[in-house]
2 protein chains.
Amino acid sequence: MERKRRHDPERRARIIEAALSVIAEHGVAGCTHRRVAEAADVPLGSMTYHFDGIDSLLAEAFALLSGRIAEDYRATLRAAPDIAAAREAVVALICNGPWGGRGTMTQIFELYAWSTRHPDHAGLMSGWMAQSREALEAHFTPAQARALDAMIEGVMIHNLASAALIPPEEVRAIVRALTGG
Amino acid sequence: MERKRRHDPERRARIIEAALSVIAEHGVAGCTHRRVAEAADVPLGSMTYHFDGIDSLLAEAFALLSGRIAEDYRATLRAAPDIAAAREAVVALICNGPWGGRGTMTQIFELYAWSTRHPDHAGLMSGWMAQSREALEAHFTPAQARALDAMIEGVMIHNLASAALIPPEEVRAIVRALTGG
DNA sequence: GATGCTTACGTACAAACGTACGCTTCATGT
DNA sequence: ACATGAAGCGTACGTTTGTACGTAAGCATC
């Protein structure tokens with residue numbers, strides 16, 4: 001009988017990471033203890049040891065996802081020195097789109113669906129949006145920030161669905177229209 | 001031994017309807033034959049009799065959902081006699097929002113997530129968006145239609161997440177900005 | 001190296017799942 | 001009234017699921 005990797009401090013984090021990738025591939029519907037365990041290369045027993053149940057694992061996974069994306073968002077905008085650059089940053093956010101491939105977008109949809117059905121975790125969605133709005137308000141008025149934020153979301157979804165991407169030039173024009181430039 | 005309702009021509013449709021409401025409440029993850037059967041008040045056996053499997057039931061349910069929403073969309077826009085009315089129709093679409101309560105939005109997210117993971121049914125999403133874009137193009141230029149379509153999506157999502165709705169006045173301003181009015 | 005305490009794992013179990021299939025019921029033609 | 005075929009249901013089966021729990025490994029202390 002052989003026991004391996006008893007000491008493995010990254011394990012918990014690796015499980016969460018694995019959960020995200022399982023979600024991307026199989027959705028929340030297919031995110032089972034066993035599948036995640038295999039993806040993370042940990043024994044099944046580790047699942048119930050590290051997490052209180054599948055829902056609590058999902059909650060942590062989604063928290064990681066939203067935190068990560070919000071950070072990306074913030075960083076991109078913070079780097080902009082003036083309004084013109086900020087506008088261009090927004091264009092970049094939209095066009096570089098789902099921050100890491102199609103899978104990320106799937107994860108985001110699953111997050112939306114899941115958090116809508118779990119009022120206890122509604123903060124995942126609203127907090128994230130508050131953060132992105134706040135990041136935008138460093139450069140724009142609150143009303144403009146609201147409009148841009150919604151626009152980013154909407155364009156990304158449409159870009160994902162219809163394969164025919166809205167060209168950057170057009171995105172730029174929209175951003176200009178929304179920010180009175 | 002008692003047998004009931006052998007003759008029940010609406011049964012198939014009722015099952016699909018029930019599937020949608022189960023999805024709203026439990027997500028695709030919790031959409032099981034048994035739960036749907038109970039919701040539709042039909043015996044479990046009817047599930048496999050009327051549908052080839054759970055995925056094929058989901059596909060039909062989502063098709064119904066998207067068709068229904070697209071129709072709503074089209075009808076609202078078709079009723080507008082001129083540009084000004086069309087703009088107002090768009091505002092109405094956004095503000096009256098999820099066409100039938102929070103549950104509808106959950107269903108839509110689940111549809112997005114599901115169809116993204118099922119390439120065979122990607123047409124559900126892209127077809128719907130094509131339809132709504134087409135409806136918009138009766139009144140606006142293609143570029144404006146794309147922008148409005150994305151905007152509608154984005155604002156609705158944000159309205160759902162953050163409880164603090166974007167006021168109609170502001171929506172009206174955005175629509176005006178996007179359509180050069 | 002023996003002891004005791006913490007950490008982590010293997011495994012077993014009940015519940016819930018999707019699905020197949022034989023049998024009942026009904027409508028129809030005679 | 002009866003036969004017959006189609007339609008629809010009840011049930012049972014093999015899998016997969018989440019989770020609990022006894023037990024083994026690691027580690028500090030002596």
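Chain letters run A, B, ... following the sequence lines, proteins first, then strands; residues in each count from 1.
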Qualifying ring-ring contact (aromatic ring centres under 6.0 Å, His included) pairs, either residue in residues 46-75 of chain A, two or more places apart: A:F62-A:W114
Nearest listed nucleotide, side chain of B:S46, among D:dC9, D:dA7, C:dA8: D:dC9
Short N-O contact, B:R68 and B:E17, less than 4.0 angstrom: yes
Integer-rounded Å distance: D:dG18 P and A:L57 CG: 10 Å
Nucleotide D:dG8, atom C1' - distance to CD of B:E10 in whole Å: 17 Å
Nearest-Å distance for atom pair CZ/P, residues A:R12 and C:dC9: 14 Å
Between the protein and nucleotides 19-22 of chain C, list every N/O to N/O distance that falls short of 3.5 Å.
unit_1: C:dT19; atom_1: OP2; unit_2: B:I54; atom_2: N; d: 3.4

Whole angstrom value for the distance that separates C1' of D:dG8 from CD1 of B:I15: 11 Å
Check ion pair B:E110-A:R117 (N to O, under 4.0 angstrom): yes
Ionic contact status for B:R172 with B:E88, cut-off 4.0 Å: yes
Distance in angstrom units between B:Y49 OH and C:dG18 C1', rounded: 19 Å
Test item: A:H139 side-chain N/O and A:L77 main-chain N/O as donor-acceptor pair under 3.5 Å: yes
Contact under 4.0 Å: A:R35 side-chain N or O vs D:dT16 OP1/OP2: no
Pair A:T116-B:R102, side-chain donor/acceptor within less than 3.5 Å: no
